[in-house]
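Please read the structure below before turning to the comments.
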Amino acid sequence: YSLDPFGQTKLTARRPMRRRAFGLLAALTACVGITIFLWQPWTKQFEEPEQQSELREISTLPSLAVLPFENLSGDREDDYLADGMTDDLITDLARLSGLVVISRSSTLPYKGQSPEVEDVAEDLGAQYIVFGTMRRSGDTLRINAKLVDSETGAHIWAQRYDRDAADLLALQDDVRGEIVSALQVRFSPEEAENISQSKTENPEAYDAYLRARQQESYFTEASTREAIRLYRLALEHDPDFASATARLAIAYTLAVDNGWVADTEEALELARSLAAQAIVRDPNLPTAYWAMARYYTRDETWDTDKAIEALEAAISIDPNYADGYAMLANTLQFVGRSE
């Protein structure tokens, strides 16, 4: 070897011998690769017949997509009401084991659009689609909602509601009940009890909660801090508001992940305490268990068994909990249980 003027190593000897060696190595590698490809040992390890069977069973259930409700108020500040209406309908309907409900993250890209029924059905694999609009005028809300069969294009159900803004929760219950009735979905008494439980009877608490959800979705430091403030405000109005308690716990873990807290240990302990409180306040709230799993999957508080236990509890309550399945998959993959 010799060095060129720039200090880089230059190969000046044994070049023919090295070329022959590299050529032999390349040929050997190709032979091994072809052997492995023809043998395909991985096909014997990942057949997963049980999972395929479960998917076939799910395919026999009616599938439903709730598209983002459109805000017709002319005031973008009212978006949080339309988004809240959409989110809570998806959350409530997802608790019914007799339905396959498309997750919010999959329907969110349709916000602000006017898609064709056929396109939505093809993109999301949904047989039934809910469309809705919301208009706020002072203290009055006008909600228009319709349920469409994507296979026939027929409107199975449509209704217009004029209600006081403070009655938003009762309005959601009415819309959800109409959809379930129109689809003739069967559900157990336990499921009926779960979805009939009001999140809060305090309109100020619910309004603060919906505003917090909107802020949390922006995933910035300023919006996360504002979400934490609003969740705390919701709990001042209703200390027993389990959903706000769980979301506050999640917001703290998000702040920890991004380095937006001064004391990581204190923030994580607060998140754990809030998640535990949410579970006590509502043992049938999937988000509460997801919040606890968030705590147990942080680097500082890692506990695989407790995280998996919490996520399996969330999924057992909500068989359509997409975030629950995704987080459980990530956790299992991380600990080497990829199959």
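Taking 4.5 Å as the limit, every side-chain heavy atom of Tyr252 sits out of range of all side-chain heavy atoms of Tyr295. Proximity of Lys146 to Val130: side-chain heavy atoms (C-beta onward) are nowhere separated by under 4.5 Å. Using a 4.5 Å heavy-atom cutoff, the side chains of Asn71 and Leu81 are not in contact. The side-chain heavy atoms of Lys111 and Asp83, taken from C-beta on, include a pair separated by under 4.5 Å. Side-chain contact between Leu183 and Leu99: present, with at least one pair of heavy atoms (C-beta onward) separated by less than 4.5 Å. By the 4.5 Å heavy-atom criterion applied to side chains, Val101 and Ile90 are counted as neighbours. Put simply, the side chain of Arg160 does not reach to within 4.5 Å of the side chain of Ile143, judged on heavy atoms. Side-chain contact check for Leu168 versus Asp207: every heavy-atom pair is 4.5 Å or farther apart.
Using modelled atom types, one finds a donor on one side chain and an acceptor on the other under 3.5 Å when comparing Ser223 with Thr220. With no hydrogens or angles considered, no side-chain donor-acceptor pair links Arg337 and Gln333 at under 3.5 Å. Judged by distance alone, the side chains of Thr301 and Arg272 never bring a donor and an acceptor atom under 3.5 Å apart. Neither side chain, Thr200 nor Asn202, offers a donor N or O lying under 3.5 Å from an acceptor on the other. Between Arg294 and Thr253, the side chains place a donor N or O and an acceptor N or O closer than 3.5 Å (distance only, hydrogens not considered). Counted by atom type alone, Tyr110 and Asp123 present one or more donor-acceptor pairs between their side chains at under 3.5 Å. Inspection of the Glu312 and Ser316 side chains reveals no N or O donor paired with an N or O acceptor under 3.5 Å.
Residue Leu64 comes nearest to Ala126 through the heavy atom pair C-CB, 4.3 Å, listed as atom of the first residue, atom of the second, then distance.
Grouping Ile, Leu, Val, Met, Phe, Trp and Tyr residues whose side-chain heavy atoms lie under 4.5 Å apart, directly or via other members, places Phe334 in a hydrophobic cluster with Trp302, Val335. Connectivity analysis of hydrophobic side chains (ILVMFWY, heavy atoms under 4.5 Å, direct or indirect) links Leu233 to Leu230.
Note on Ile228: it does not cluster hydrophobically with Trp260, by side-chain heavy-atom contacts below 4.5 Å among ILVMFWY residues. A single hydrophobic cluster is seen to contain both Leu171 and Val66, as judged by linkage of ILVMFWY side chains at heavy-atom distances under 4.5 Å, directly or through other members. Using a 4.5 Å cut-off between side-chain heavy atoms of Ile, Leu, Val, Met, Phe, Trp and Tyr, with links allowed through other members, Tyr209 and Met134 fall into the same hydrophobic cluster.
If you run side chain to side chain contact (heavy atoms under 4.5 Å, CB included) between Tyr128 and each of Ile179, Ile156, Val148, only Ile156 comes through.
Counting heavy atoms of neighbouring residues, nucleotides and ligands inside a 6.0 Å radius, atom CD of Glu300 exceeds 12 of them.
The pair Asp174-Arg163 meets the salt-bridge criterion, since a charged nitrogen lies less than 4.0 angstrom from a carboxylate oxygen. Ionic pairing of Asp257 and Arg298 is present here: one or more N-O contacts between side-chain nitrogen and carboxylate oxygen are shorter than 4.0 angstrom. In this structure, Arg176 does not pair ionically with Asp88, as no charged nitrogen and carboxylate oxygen lie closer than 4.0 Å.
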